[in-house]
Amino acid sequence: MTDVLELTAAQAARQIEAGELGADEYLDAYAEAAAGEELNAYLWREDPNGGRGGGRDRPADAPLGGVPVAVKDLFCTEDVPTTAGSRILEGYRPPYTATAVRKLTDAGALVLGKTNLDEFGMGSSNENSGYGPVLNPWDRRRVPGGSSGGSAAAVAARLAPCAIGTDTGGSVRQPASLCGIVGLKPTYGAISRQGMIAFASSLDQCGTLTRDVADAALLLRAMEGRDRCDSTSVGIEGGVELPSREDLEGLRFGVPRELSADAEGLEAGVSAAFERALGLIRELGGEVDECELPHAAHGLSAYYVLAPAEASANLARYDGVRFGLRADGDADLLNMYERTRDAGFGAEVKRRIMLGTYALSSGYYEAYYGRAQRVRTRIVEDFAGAFGRFDYLVTPTSPTVAFELGARTDSPLAMYLSDYCTVPMSLAGIPTISIPAGLAEPDGGGPELPVGLQIAAPAFAESRLLDAAHAIEGAIGFDATPGLGGG
Amino acid sequence: MSVPSGYEAVIGLEIHVQLSTQTKMFCGCALSFGDQPNVHTCPVCLAHPGTLPVVNERAVRYALQIALALGCEVAPRSIFHRKNYFYPDSPKGYQISQYDIPLAANGSLAGVRIHRVHLEEDAAKMVHLGESGRIHGSAASLVDFNRGGTPLVEIVTEPDLHDPGEARQWAQLLRTTVEQLGVSDVNMEEGSLRCDANVSIRPPGAEELGTKTELKNMNSFRFLERGIAAELERQASVLEAGGEVAQETFHFDPRTGSLTPLRSKEYAHDYRYLPEPDLVPLAPTEQMLREAREALPELPDQRRRRYEAEFGVPEVTARQLAFDAELGTYFEGALEAGDGVEPSVIANWVTGDLAAARRHFGADGREVAPAHLVAVARMVVEKRITHASGREVLDALVDPGSSIGDPEEVVESRQLAAVSDSSELEAIVERAIEAEPAAAEKVRSGNPKAIGPIVGAVMRETKGRADGGEVTRLIREKLGAA
Amino acid sequence: MILTAVCRSARCTYDQGVIDRDQVLHVARLARLALTDEEIERMSGELPAILEHVERMNELDLDGVEPTSHVVALENVLRADEPRPSWERDRILDGAPDPSGGAFRVPSPQA
Ligand SMILES: [Mg+2]
Ligand SMILES: [Zn+2]
């Protein structure tokens with residue numbers, strides 16, 4: 001008998017539909033695995049004894065019938081604790097469910113658990129969670145990446161067949177890369193943000209973390225669509241095709257120097273794995289050529305103004321008045337606000353609120369926010385120019401493999417550099433996927449760890465993106481699994 | 001109440017109008033007034049995590065109507081901003097408003113320029129508890145989010161007003177204008193119309209504006225006028241004493257009629273505006289604009305001009321009729337019933353004697369049908385009764401203690417028909433001359449002003465039913481003083 | 001301690017990246033964050049370092065470039081003005097830190 005935990009979501013759904021696999025059996029296997037996990041990947045789990053029971057009757061015509069999904073704890077789930085990884089929302093039970101989650105359950109999926117994350121999505125290592133860090137299943141002394149680190153670790157460690165996360169500057173792609181799985185960030189507006197707790201609203205987008213590209217397509221297909229509750233949602237015109245392509249004949253791949261060879265802090269092993277992937281793309285018939293994104297190197301600068309600025313406003317609602325934490329004691333109003341927010345927010349969240357507040361404050365707006373918006377325009381134009389010549393752009397997802405816990409916590413800037421290659425696509429709002437490209441040693445030695453290949457396509461070209469990613473995935477043939485070693 | 005002598009007042013108004021839509025600006029909660037606290041709330045208007053605003057279509061339509069009624073240019077593309085401030089009445093920690101590109105700008109109403117018109121959302125209501133609500137030794141407040149998120153249109157004028165009375169009149173015109181559109185209840189006492197004023201003074205002819213102060217919370221037109229007048233006085237006395245006016249915000253206290261400075265909050269004015277990423281731009285289409293234009297009724301200022309041009313109603317009267325929606329409607333009803341009676345005569349009756357009778361009897365007074373008012377006016381024009389009798393008839397029609405509802409009946413029962421038989425009147429005049437010999441002598445010897453006592457005697461005898469002009473003519477004729 | 005980050009661009013005409021302790025306190029007050037002395041000390045070091053990195057944007061010539069606040073090409077996304085049932089008050093107040101008489105109680109801003 002094959003281990004049900006090794007099935008992809010699509011395979012499991014097919015077997016359940018054919019009656020070869022019991023939905024209960026499948027869910028129980030995962031509920032049990034999740035209950036016994038040692039990575040701190042989950043903040044809330046479905047009762048392994050089937051406590052909630054709901055949704056177990058597989059609805060007819062449900063493409064995800066019986067598939068358990070791990071949900072990043074940044075999505076609101078009605079009456080289920082939702083923390084955003086923050087102490088300020090400890091005990092909060094939302095009165096409604098996020099559209100993305102509802103669409104998954106409408107398609108027959110079951111919420112297996114809520115996964116750990118960097119507080120409010122702010123981080124690249126999952127060390128900024130108010131509930132402790134998540135460990136990387138490939139090496140428990142290392143970080144899984146962030147901020148969707150819990151979702152990435154859970155999928156990689158067979159604690160969930162698939163998961164959803166959010167990606168503001170790389171928060172789905174980077175942990176997927178560090179955990180050796182597939183992470184898809186769709187076009188901004190493809191999936192409703194309603195019920196997704198906001199970090200930086202003009203950048204936040206729901207994404208998928210899966211074992212393969214086909215599963216990413218399956219989840220995206222269920223979740224995309226215009227939502228009347230989200231004025232910025234559009235859906236994907238024509239829907240999402242399940243990927244089937246095996247070759248890359250006639251397709252042009254651009255390699256932006258700024259985000260590959262010239263990327264800040266690029267590790268040798270990552271570079272080598274990336275070069276091998278480019279060779280495979282050529283072997284599949286793809287044309288590979290160098291291209292320019294002249295302003296991409298300034299992406300991080302713009303991002304670290306725009307995202308904190310939006311965050312400073314988005315996080316103003318955590319004020320101890322209507323829900324969540326309130327600092328106790330004798331206090332006037334000002335005091336209550338300040339002490340509640342001091343007690344509820346972690347260091348990184350405070351840092352970004354300070355940064356964003358400063359950037360928007362009187363006298364500094366043009367110098368920071370205004371300039372950052374103009375750099376964003378330039379980056380959007382850069383991509384538009386590149387897509388005039390190329391069908392796809394490829395880069396490493398992360399300049400490095402998974403780093404050790406604590407390695408970057410003392411230097412915010414070093415941490416921010418983790419998103420160097422992923423941030424420009426977020427600013428442009430284009431669909432981007434990270435797929436495993438092999439294993440590599442970190443600079444300075446250590447165990448072999450996953451490397452991610454990032455592929456970007458023009459807005460709303462998800463089906464084409466998934467097709468190419470599927471072909472490359474087949475050629476790479478990544479089949480390593482984490483040994484759950486270390487610590 | 002006017003401007004302190006030796007100074008020129010510069011006044012601008014900032015008006016917030018609550019729109020009378022069915023639902024809030026950004027969520028589907030119903031609007032309410034006076035309900036139990038927090039029964040019209042949802043995760044969106046309570047700013048629960050993950051919730052998003054969606055713009056109310058009718059609010060945009062209403063705002064466009066207001067903008068067009070004020071002669072504004074509608075921005076081809078306007079955007080929403082977040083105005084950041086922490087206060088319990090602001091659940092998101094920011095108000096969604098419009099900032100550098102408002103919905104509309106550059107309008108004017110009755111000579112006052114409109115700087116901008118924009119859409120935003122209202123704050124929640126806070127009730128401050130006194131001693132009874134003390135927790136841990138400090139006072140507390142209760143927040144009710146029913147009002148939070150109500151659609152607001154903010155109208156900002158240029159500082160084109162120069163006198164408290166003018167400001168009041170203009171604000172009333174604005175109210176009537178918005179009222180005519182049917183897009184708001186425009187009730188100042190209930191807060192569906194709120195009016196703040198920016199006030200400064202300067203020596204006449206000075207180019208530079210003085211430092212302005214902001215007045216808030218004037219919840220009636222009377223208080224608006226009084227508040228501005230009081231602030232002008234205060235500024236003048238500061239300058240007289242050799243001081244300087246400081247930039248401050250004052251709260252008007254309607255009970256005492258005085259202005260209290262708001263504690264200047266050190267950090268109150270850094271709103272850190274940023275474009276609202278949860279919303280997309282408003283770009284009114286041709287169709288949206290056309291529909292808004294077609295929905296515009298005749299507006300008060302247009303109406304005033306029509307009354308003047310078409311009916312020859314004097315400006316002051318035309319303004320009174322046109323700027324008071326109820327009075328204007330009444331006037332138009334009377335015109336319909338008024339065949340033969342000059343519109344300007346009807347206008348005078350409506351704004352003069354009828355208004356006086358209504359004032360006199362107050363809220364208990366009875367309604368006078370427009371046809372009845374016209375009937376009274378016609379009797380006077382035709383000299384069937386005197387003007388004084390006409391006034392008496394109107395009083396009787398309004399008087400809640402009277403039961404007669406028909407002008408003819410009032411004339412009949414009170415015997416107000418004019419003395420029109422000239423031989424009867426001549427006899428009365430002769431008797432009056434005999435009764436006032438001293439006055440008669442003075443008139444004879446060339447002092448026409450001495451006629452008063454004789455006229456008085458005639459009026460006493462006729463109980464005011466004689467035509468004053470005719471009486472004077474007859475007396476002079478008899479005394480050879482014509 | 002006053003930390004001064006150097007503005008690296010020759011085109012830079014404004015005083016950037018200078019954040020002293022008072023400014024940290026001012027920004028913290030704007031953001032309603034009570035910071036400990038230690039946090040203030042740390043922020044006074046970290047913020048200028050981050051801003052210095054951010055100010056690399058100043059190397060770019062951005063004259064005449066329109067700002068992008070959104071990549072979505074939508075306009076006039078409007079909702080029909082139709083009431084939907086509001087939420088049950090008890091449910092909304094259930095998770096409130098200090099519900100009182102159907103309302104949310106807060107320390108008085110006038111205290
Ligand atoms: Mg306003
Ligand atoms: Zn609501």
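Heavy atoms closer than 4.5 Å to chain C are found in the backbone of A:Ser233, but not in its side chain. Residue contact with chain C, scored on non-hydrogen atoms closer than 4.5 Å, involves the backbone of A:Ala428 exclusively. Heavy atoms closer than 4.5 Å to chain C are found in the side chain of A:Ser361, but not in its backbone. Only the backbone of A:Leu427 comes within less than 4.5 Å of a heavy atom in chain C; its side chain stays farther off. Both the backbone and the side chain of C:Leu33 come within less than 4.5 Å of a heavy atom in chain A. For A:Arg226, the part lying near chain C is the side chain, with the backbone staying farther off; criterion is any non-hydrogen pair under 4.5 Å. Proximity to chain C is limited to the side chain of A:Val380, based on heavy atoms less than 4.5 angstrom apart.
We find the CD-CG distance between C:Glu52 and A:Leu413 to be 8.5 Å, quoted to the nearest 0.5 Å. Rounding to the nearest 0.5 Å places OG1 of A:Thr357 at 13.5 Å from CZ of C:Arg29. Atom-to-atom distance recorded for A:Leu355:CG and C:Glu46:CD is 10.5 Å, nearest 0.5 angstrom. Rounded to the nearest 0.5 Å, atoms OG (C:Ser108) and CG (A:Asp332) are 9.0 Å apart.
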* To do: Please step through side chain to side chain contact (heavy atoms under 4.5 Å, CB included) for the pair A:Arg326 and C:Val106, ending with a clear verdict.
  => CA-CA 10 Å; A:Arg326 175 188 293 188; C:Val106 293; 3.9 Å; yes
* Can you check salt bridge (Lys or Arg N to Asp or Glu O under 4.0 Å) on A:Glu78 and C:Arg91, steps first, answer last? -> CA-CA 12 Å; A:Glu78 187 173 342; C:Arg91 189 153 184 232; 2.9 Å; yes
* **Chi angles and distances behind the side chain to side chain contact (heavy atoms under 4.5 Å, CB included) call for A:Asp230, C:Val77** => CA-CA 9 Å; A:Asp230 176 0; C:Val77 177; over 6 Å; no
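Within the 4.5 Å cutoff, side-chain heavy atoms of A:Pro412 are placed close to those of C:Ile50. For the pair C:Arg79 and A:Arg228, the minimum side-chain heavy-atom distance is 4.5 Å or more. The closest side-chain heavy-atom distance from A:Gln373 to C:Val65 is not below 4.5 Å. When side chains are defined from C-beta on, C:Met43 counts as touching A:Lys350, because their heavy atoms get closer than 4.5 Å. At a threshold of 4.5 Å between non-hydrogen side-chain atoms, the residues A:Thr232 and C:His70 count as touching. In this structure the side chain of C:Leu47 never reaches within 4.5 angstrom of the side chain of A:Tyr358, judged on heavy atoms.
A donor-acceptor pair under 3.5 Å links the side-chain atoms of A:Thr377 to the main chain of C:Glu66, judged by distance alone.
The choice from A:Glu381, A:Met354, A:Arg376 that makes the most heavy-atom pairs within less than 4.5 Å of chain C is A:Met354. With chain C as the partner, the residue from A:Arg341, A:Arg374, A:Arg351, A:His295 showing the most heavy-atom pairs under 4.5 Å is A:Arg374. Listed options A:Asp319, A:Val234, A:Leu334, A:Val305 were ranked by heavy-atom pairs under 4.5 angstrom with chain C; first place goes to A:Leu334. Ranked by heavy-atom pairs under 4.5 Å with chain C, the first of A:Tyr304, A:Tyr188, A:Tyr369 is A:Tyr188. Heavy-atom pairs under 4.5 Å with chain C peak, among A:Phe323, A:Tyr416, A:Phe345, at A:Phe323.
The shortest non-hydrogen separation linking C:Met57 to A:Ala372 is SD-CA, 3.7 Å. When all heavy atoms of A:Gly320 and C:Pro97 are compared, the pair lying nearest together is O-CG, 3.3 Å.
Counting heavy atoms of neighbouring residues, nucleotides and ligands inside a 6.0 Å radius, atom CD of C:Glu75 exceeds 12 of them.
A salt bridge does not link C:Glu55 to A:Arg371: none of the charged nitrogens lies less than 4.0 Å from a carboxylate oxygen.
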